[in-house]
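Scroll down for the structure; my scribbles are underneath it.
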Amino acid sequence: MLFKNKLLQWTGLIAVTLISVKSAQSQTVSVADFGIMPDTYENVTRRIQNVIDYALKHNQPRLVFPKGRYDFWPEGATRAKYFVSNTSTEQEDSSKVKTIGMLFKNARNLSVDGNGSLFVFHGKMTTVVLDHCENVTLQNIEVDFERPTMSEMRYVKSQKGTDIEIHPDSRYSVVDGKLIWHGEGWKTSHFHAVEFDTTQKTMRYADWGTFNKSKATEIRPNLIHFDTPESFKTKPGNVLTVRDIIRDQVGMFILESKNVNLENVGMHYMHGLGIVSQYTENITMRRVTCAPRPESKRIVASSADFMHFSGCRGKVTIENCRFSGAHDDPINVHGTNLRMTEKLSNNKLKLRFMHGQSYGFNAFFPGDTVAFVHAASMIRFEKGRVKSVERLSDREIAVTFENNVPDGLEAHDCVENMTWTPEVLIRGNHFTRTNTRGVLLTTPRKAIVENNTFFRTGMSAILIEADAEGWYESGPVRDVTIRNNEFVDCAYQGGPGNAIIAIHPSNKIADVKKPVHFNIRIENNVFKTFDYPVLYAKSTQGLIFNNNTIVRTHDLAPQSENKRMFYFNGCSDVHISGTKLEGDILGKNVRLENMRKSDFKLSGPEKIIVE
């Protein structure tokens with residue numbers, strides 16, 4: 001009897017286990033179940049899209065890829081029209097049609113696991129689109145292109161003219177004495193070049209024009225001689241990176257979604273803007289690598305920003321990521337100011353997207369809270385609430401508000417969406433090999449930048465702007481903490497206001513009584529710098545620079561026009577304290593402009609002098 005009871009117990013346990021296994025299996029869709037195997041080098045685009053559509057239709061929570069290489073071509077890809085912030089003008093890309101490798105539309109509660117697979121794309125493609133998704137995770141995926149749209153060439157020694165060695169991944173032809181960069185279905189027509197100094201590890205703007213005007217001769221495959229003028233000098237070993245400026249695709253696009261997570265993802269090349277998150281709520285980027293694969297020996301991984309957040313809300317978390325090789329900013333967080341062009345009624349305005357490359361997307365939704373902004377001063381002077389939105393054209397919308405618009409509206413004033421602004425955490429990341437900034441940050445909500453390393457960013461490691469005249473990227477900050485970071489030889493490109501940390505809104509007049517930014521704390525950081533200034537701030541109230549260490553380095557030569565450690569313009573309630581100086585620091589002084597000395601407090605060291 002005892003044996004029989006034990007047998008029944010074991011039988012029941014086995015049955016439950018089998019049911020559990022079957023249930024678990026039924027919750028997972030593998031591309032292998034549909035006959036898609038890795039390492040075939042075949043075009044899997046349409047077949048994988050069919051699997052994605054099946055998983056979404058049947059509400060499957062998990063989609064997996066057996067580890068290996070999967071190849072995606074434009075043939076069979078979904079083509080869909082999307083207006084993406086900061087990408088292209090009507091003239092540059094009139095269609096706005098994206099060629100999409102993997103489209104997830106209206107996905108809910110889905111995890112996509114690549115198991116370390118490499119997804120290789122061909123031609124010009126947008127790798128992944130998440131459109132109106134919720135609770136979606138992409139993990140353990142590596143993304144690259146067979147032929148990146150970035151071309152790379154290394155200077156080699158030559159007796160006369162210029163010899164260059166072309167990277168094996170950069171396809172080219174020499175036709176009638178001209179070097180033509182081309183790929184799988186495209187060729188470069190609008191040239192933009194950045195040079196990487198392999199000894200100094202710096203990226204600087206360069207010029208392709210000399211090569212366009214010089215006769216090219218192929219010495220052997222991947223070795224080209226140019227009859228450049230005698231005055232044209234190069235540094236053997238340096239790498240010139242060349243791209244087309246037209247941003248007709250993006251690396252990845254996340255649109256009007258919620259709770260999106262990327263974990264253990266490698267984006268090793270992206271055409272145009274990188275990962276663009278647009279009007280999305282709660283985004284986490286954890287252990288995302290935006291850099292070339294080491295085995296590729298390439299320099300650049302994106303022809304523009306790595307991570308671009310436009311009009312997002314909730315919380316943006318970027319943690320333990322690595323950024324190396326961008327032709328623009330690794331991280332940019334902002335909203336979009338739309339200019340008032342006509343008052344249609346007491347509570348209705350016609351608004352216009354002003355920057356050429358940002359337009360056509362949904363910038364306001366019923367129920368959103370907005371701020372009315374004086375463009376000249378960048379002051380948010382009144383609030384409102386959206387009742388309805390009417391699309392008049394790709395460039396213009398009519399917005400009806402619940403109450404009358406303020407009487408104080410002036411020509412060129414803007415409307416900023418305050419609902420779609422995020423809390424931001426940027427922690428534990430490494431930034432290097434970019435000719436521009438490390439982080440652009442404009443949000444009125446709490447923002448923390450901590451425990452990061454910024455190594456030789458060409459411009460400011462951190463730029464806090466706010467703009468109603470150029471890119472129209474909103475808006476003024478209210479609560480920013482920058483702490484426990486290491487800044488190494490940043491801002492080597494020079495130029496006005498190009499400090500390691502720059503707070504530089506676009507207001508035309510710096511009036512201490514009309515601050516744009518508020519409450520910025522810079523604490524416990526280490527600034528290893530060859531130059532000055534360390535901090536530039538304009539129109540900021542409540543700025544604390546506390547317990548920071550400044551160390552002189554000597555690998556790069558000083559070149560800044562602003563020979564001061566600190567430069568404050570139209571600021572108030574500024575306090576510098578506990579600063580530690582190591583080495584022969586340059587410019588131990590503070591410049592105050594458009595402000596009184598009483599607006600500034602200095603608590604040691606005595607070596608710092610206030611002008």
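Along the sequence shown, residues carry numbers from 1. The structure displayed is predicted, hence computed values, not measured ones.
The main-chain N or O of Asn589 is never found under 3.5 Å from a side-chain atom of Tyr532 such that the two would form a donor-acceptor pair. For Arg380 (side chain) and Glu416 (main-chain N/O), no donor-acceptor pair under 3.5 Å exists by modelled atom type. With hydrogens and angles disregarded, no donor-acceptor distance shorter than 3.5 Å links the side chain of Asp467 to the backbone of Ser506. Side-chain N or O atoms of His517 include one that pairs as donor or acceptor with a backbone N or O of Glu465 at under 3.5 Å. Here the side chain of Thr442 pairs a donor or acceptor atom with the backbone of Val333 at under 3.5 angstrom. Judged by distance alone, with hydrogens and angles left aside, the side-chain atoms of Glu450 form no donor-acceptor pair with the main-chain N or O of Thr481 at under 3.5 Å. Between the side chain of Asn485 and the backbone N or O of Asn451, at least one donor-acceptor pair lies under 3.5 Å. A donor-acceptor pair under 3.5 Å is absent between the side-chain atoms of Ser577 and the main chain of Ser603, judged by distance alone. No side-chain donor-acceptor contact under 3.5 Å links Asn525 to the backbone of Glu486. With Thr553 contributing its side chain and Phe530 its backbone, the two residues share a donor-acceptor pair below 3.5 Å.
Here the options are Arg552, Lys528, Arg456, the test is salt bridge (charged side-chain N to carboxylate O under 4.0 Å, His left out), and the partner is Asp489; only Arg456 passes.
Applying the 6.0 Å contact sphere to NZ of Lys514 captures no more than 12 heavy atoms from other residues, nucleotides or ligands. Open room surrounds NZ on Lys446; 12 or fewer heavy atoms of other groups in view lie less than 6.0 Å from it. Atom CG of Asp407 has 12 or fewer heavy atoms from other residues, nucleotides or ligands within 6.0 Å. Atom NZ of Lys383 sits in a sparse spot, with 12 or fewer heavy atoms from other residues, nucleotides or ligands closer than 6.0 Å. Remark: Lys601 NZ is loosely packed, at most 12 non-hydrogen atoms of other residues, nucleotides or ligands lying under 6.0 Å away. Enclosure of atom NZ in Lys343 by more than 12 non-hydrogen atoms of other residues, nucleotides or ligands within 6.0 angstrom is indicated.
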*After noting the C-alpha distance and the side-chain angles of Ser88 and Lys96, does the key distance pass the side chain to side chain donor-acceptor pair (under 3.5 Å) rule?*
CA-CA 8 Å; Ser88 57; Lys96 302 298 183 230; 2.9 Å; yes
*Output, in order, the C-alpha distance, side-chain angles, deciding distance and verdict of salt bridge (charged side-chain N to carboxylate O under 4.0 Å, His left out) for Asp329 and Arg437.*
CA-CA 5 Å; Asp329 313 304; Arg437 284 78 42 154; 2.9 Å; yes
*Chi angles and distances behind the side chain to side chain contact (heavy atoms under 4.5 Å, CB included) call for Met340, Leu351*: CA-CA 5 Å; Met340 176 197 70; Leu351 304 178; 4.1 Å; yes
*asked:* Apply side chain to side chain contact (heavy atoms under 4.5 Å, CB included) to residues Ser277 and His308 and explain how you reach the verdict.
replied: CA-CA 6 Å; Ser277 302; His308 197 101; over 6 Å; no
*List the steps, then state whether side chain to side chain contact (heavy atoms under 4.5 Å, CB included) holds for Ile299 with Arg433.*
CA-CA 8 Å; Ile299 299 300; Arg433 203 185 296 167; 3.5 Å; yes
*Phe566 and Ile608: side chain to side chain contact (heavy atoms under 4.5 Å, CB included), yes or no, with the steps?*
CA-CA 10 Å; Phe566 301 101; Ile608 298 178; 4.1 Å; yes
*For Glu523 and Arg483, what are the C-alpha separation, side-chain angles and deciding distance, and is it a salt bridge (charged side-chain N to carboxylate O under 4.0 Å, His left out)?*
CA-CA 5 Å; Glu523 301 173 324; Arg483 65 191 177 203; 5.6 Å; no
*Please report the C-alpha distance between Arg286 and Glu319 in whole Å, then the side-chain angles of each, then the deciding distance to 0.1 Å, and finally whether the salt bridge (charged side-chain N to carboxylate O under 4.0 Å, His left out) criterion is met.*
CA-CA 5 Å; Arg286 186 168 286 121; Glu319 193 169 31; 3.0 Å; yes
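For the atom pair Glu92 CD and Asp248 CG, the distance stands at 9.5 Å (nearest 0.5 Å). With values rounded to the nearest 0.5 angstrom, Leu338 atom CG is found 5.0 Å from Ile397 atom CD1. To the nearest 0.5 angstrom, Cys312 atom SG is 14.0 Å from Lys258 atom NZ. Note: Tyr567 OH to Leu535 CG = 13.0 Å, rounded to the nearest 0.5 Å. Between Met285 atom CE and Leu138 atom CG the span is 9.0 Å, to the nearest 0.5 Å. Going from atom CD1 of Ile500 over to atom CD1 of Ile550 covers 7.5 Å, rounded to the nearest 0.5 Å.
The closest side-chain heavy-atom distance from Met354 to Asn337 is not below 4.5 Å. Using a 4.5 Å heavy-atom cutoff, the side chains of Val610 and Leu592 are in contact. Side-chain contact between Phe401 and Val370: present, with at least one pair of heavy atoms (C-beta onward) separated by less than 4.5 Å. A heavy-atom distance below 4.5 Å is found between the side chains of Met307 and Val288. Contact annotation: the side chain of Thr432 never approaches that of Lys201 to less than 4.5 Å [non-hydrogen atoms, C-beta and beyond]. When side chains are defined from C-beta on, Leu240 counts as touching Trp208, because their heavy atoms get closer than 4.5 Å. Residues Met267 and Ile275 meet the side-chain proximity criterion, which asks for heavy atoms closer than 4.5 Å. Val590 is listed as a side-chain neighbour of Phe600, based on a closest heavy-atom distance under 4.5 Å.
In this structure, His355 has its ring center at least 6.0 angstrom away from the ring center of Tyr472. Separation of the Phe353 and Phe83 ring centroids does not fall under the 6.0 Å cut-off. Ring centers of Phe568 and Phe545: at least 6.0 Å apart, outside the cut-off.
Aromatic ring pairs are classed by plane angle as parallel below 30°, tilted from 30° to 60° and perpendicular above 60°; the pair Phe431 and Phe323 is parallel. Aromatic ring orientation, Phe487 versus Phe454: parallel (interplanar angle below 30°, classes split at 30° and 60°).
Checked for salt-bridge contact, Glu195 and Arg204 miss the test: no charged N lies under 4.0 Å from a carboxylate O. The existence of a salt bridge linking Asp368 and Arg313 is excluded, since no basic side-chain nitrogen approaches an acidic carboxylate oxygen closer than 4.0 Å.
Residues Thr434 and Ala326 share a closest heavy-atom pair of OG1-O, 3.6 Å. Taking every heavy atom of both residues into account, Ser474 and Thr336 meet most closely at OG-N, 3.2 Å. When all heavy atoms of Leu543 and Ala537 are compared, the closest pair comes out as CD2-CB, 3.6 Å.
Side-chain atoms of Asp197 and Thr199 include a donor-acceptor pair closer than 3.5 Å. No donor-acceptor contact under 3.5 angstrom links the side chains of Thr579 and Asn548, judged on distance only. Under 3.5 Å, the side chains of Ser358 and Asn86 contain a donor-acceptor pair of N or O atoms. Using a 3.5 Å distance cut-off with no hydrogens or angles, the side chains of Glu152 and Thr241 do not pair a donor with an acceptor. Side-chain N/O atoms of Asp479 and Asn519 include no donor and acceptor closer than 3.5 Å.
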